[in-house]
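Comments concern the structure below.
Ligands are counted one by one from 1 in listed order, and the atoms in each one are counted from 1 as well. None of the values given here were measured: they were computed from a predicted structure.
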Amino acid sequence: MFHDNMTTHWPNSVRRSKAAPKILVLARFPTNPASSQPRNIVTPTPPPAHQRLLNKSPALRARRRPTTLAALPVAAAAAAAVMVSAEAGIERVLWTEAEVAARVGEVAAELAADLRALPEPAVVVGVATGALLFLADLVRRVDAPLAVDFVRVESYGGGTESSGKPRITADLKVDVAGKHVVVVEDIVDTGNTLSCLIAHLEKKGASSISVCTFLDKPARRKVDIQLVGDGKFYSGFECPDYFVVGYGLDYAELYRNLPYVGVLKPEKYKKDSSN
Ligand code: IMP
Ligand code: MG
């Protein structure tokens, strides 16, 4: 809605009025060549729902601006009413945003102490896309020299069950030969993804490999995780055997943006698993 030729405008009458709408947008259209003054014309046209709301309420009608201005908060409220929240798919919250932040801070402190003791900077390798949020929050709290890179390992397709045959679909840019690598994962489930990745990094000559996972679901483990050299296993939370989403974890690429971790409502994936 906002673009370069729009300016936020607060006329004096609006500033004085207690009932003033919060944002007023004045669209400046190209100057009429016949006149030295720019022509200010109202945009955007309010959507029908917004218009109906305005027309119904005498209080709002009284506050309507002259025809050159459009009040946005009412339109925004009408839009929010029809928006479907990402939270609609969540059955219950396992770890709130505050609990996640506190735990990430603790893991970061533990990791930082170990990385500071290394003779040279470690390479932190995030597993895209799930580890994105965890990695970003984690490394910001690690006060130690380190490099950051990403790999993409895919095994899930769109469902909730791992195919068991992970593939590395995007490789590292940083050379890890002779380096200490910390693999950052969103969740270790069967262990297939991580084992495949550890073998890959070992082949590339990493001198030691640690794993730092936000969630660990040991109940579902099928493959033991073999760390390399002096590698350590860091874990945020032990996760019960539910399909969880949020804080980077997805179902069919959705829900990653939730700031907390929640259990996905089974009806959200029932159709897939019955196939
Ligand atoms: P694994 O190979 O079975 O250990 O699976 C690891 C990957 O599967 C993780 O990196 C996640 O991307 C995904 N995954 C496993 N469990 C869940 C879950 O409960 N929710 C969302 N993604 C999951
Ligand atoms: Mg993952």
Side-chain angles (χ1 to χ4, degrees), residues 86-96 99-100 103-104 107 124-138 148-172 181-202 209-228 231 233-273:
E87 302 190 317
I90 304 304
E91 193 165 78
R92 68 190 171 95
V93 174
L94 288 183
W95 295 285
T96 65
E99 286 166 340
V100 166
R103 184 64 191 132
V104 171
V107 175
V124 174
V125 174
V127 184
T129 310
L132 179 76
L133 272 70
F134 178 45
L135 184 137
D137 288 345
L138 184 77
V148 175
D149 204 349
F150 277 96
V151 285
R152 184 175 286 278
V153 190
E154 287 174 69
S155 60
Y156 256 67
T160 59
E161 288 295 322
S162 167
S163 71
K165 287 191 198 98
R167 292 175 304 129
I168 294 178
T169 54
D171 209 343
L172 292 171
V181 174
V182 181
V183 176
V184 176
E185 255 288 29
D186 52 358
I187 185 165
V188 184
D189 187 33
T190 63
N192 282 319
T193 305
L194 209 48
S195 307
C196 159
L197 184 55
I198 289 173
H200 181 71
L201 293 166
E202 215 179 347
I209 303 176
S210 291
V211 169
C212 183
T213 185
F214 173 55
L215 302 180
D216 184 17
K217 244 191 217 173
R220 301 228 333 146
R221 197 75 91 251
K222 288 188 181 148
V223 184
D224 279 342
I225 307 300
Q226 303 285 335
L227 303 169
V228 174
F233 189 83
Y234 308 84
S235 160
F237 298 102
E238 185 169 317
C239 184
D241 190 8
Y242 298 113
F243 194 79
V244 295
V245 292
Y247 198 63
L249 291 123
D250 74 310
Y251 170 67
E253 298 302 327
L254 298 175
Y255 306 101
R256 294 195 198 276
N257 56 327
L258 294 176
Y260 55 82
V261 179
V263 178
L264 188 64
K265 283 181 183 162
E267 61 259 35
K268 292 283 166 192
Y269 54 82
K270 230 172 15 200
K271 232 172 63 194
D272 290 346
S273 53

Review point. Are D216 and R221 close enough, and set up right, to give a salt bridge (charged side-chain N to carboxylate O under 4.0 Å, His left out), and what steps lead you there?
Key: CA-CA 9 Å; D216 184 17; R221 197 75 91 251; 2.6 Å; yes
Practice item. Compare every heavy atom of V261 with every heavy atom of G246, then report the nearest pair and how far apart it is. Key: O-CG2, 4.3 Å
Point to revise | N or O pair under 3.5 Å between V188 and ligand 1 | key: no
Review point. For ligand 1, which atoms sit closer than 4.0 Å to a heavy atom of L249?
Key: 20 (N), 21 (C), 22 (N)
Practice item. Verify the neighbour count for atom CZ of R167: are there more than 12 heavy atoms of other residues, nucleotides or ligands below 6.0 Å? Key: no
**Study point:** V223 heavy atom under 4.0 Å from ligand 1
**Key:** no
Exercise for review: Below 4.0 angstrom from a heavy atom of N192, which ligand 1 atoms are there? Numbered from 1 as shown, please.
Suggested key: 2 (O), 4 (O)
**Study point:** Y247 and F214 aromatic centres sub-6.0 Å
**Key:** yes
Practice item. Could you walk me through whether V125 and V184 pass the side chain to side chain contact (heavy atoms under 4.5 Å, CB included) test, one step at a time? Key: CA-CA 6 Å; V125 174; V184 176; over 6 Å; no
Review point. Which atoms of ligand 1 have any heavy atom of V244 under 4.0 Å away?
Key: 18 (C), 19 (O), 20 (N), 21 (C)
**Study point:** Region of E185 that comes within reach of ligand 1 [heavy atoms, distance under 4.0 Å]
**Key:** side chain
**Study point:** Option whose closest heavy atom lies nearest to atom 9 (C) of ligand 1, chosen from D186, T213, T193
**Key:** D186
Exercise for review: Identify the two heavy atoms, one from C212 and one from V182, that lie closest to each other, and give their separation to 0.1 Å.
Suggested key: CB-CG1, 3.9 Å
Check your understanding: Are any of the heavy atoms in I187 under 4.0 Å away from ligand 1?
Key -> yes
Practice item. Would you mind listing which atoms of ligand 1 come within a distance below 4.0 Å of any non-hydrogen atom of T190? Key: 1 (P), 2 (O), 3 (O), 4 (O)
Practice item. Report, in ascending order of atom number, the atoms of ligand 1 lying under 4.0 Å from any heavy atom of D189. Key: 1 (P), 3 (O), 4 (O), 5 (O), 15 (C), 16 (N)
Practice item. Mind checking ring-ring contact (aromatic ring centres under 6.0 Å, His included) for Y234 and listing every partner two or more places apart, or none if nothing turns up? Key: none
Point to revise | Those atoms of ligand 1 less than 4.0 Å from some heavy atom in Y242 | key: 19 (O)
Check your understanding: Could an N or O of ligand 1 be found under 3.5 Å from any N or O of F243, whether backbone or side chain?
Key -> no
Study note, to complete from the structure: Note: ligand 1 atoms sitting under 4.0 Å from heavy atoms of G191 are 1 (P), 3 (O), 4 (O)
Exercise for review: With heavy atoms of K217 as the reference, note each atom of ligand 1 found under 4.0 Å away.
Suggested key: 16 (N), 17 (C), 18 (C), 19 (O)
Exercise for review: Could you check whether the rings of W95 and F237 sit parallel, tilted or perpendicular, using 30° and 60° as the cut-offs?
Suggested key: parallel
Check your understanding: Does anything in residues 235-244 pair up under side chain to side chain donor-acceptor pair (under 3.5 Å), and if so which pairs, sequence neighbours excluded?
Key -> R92-Y242
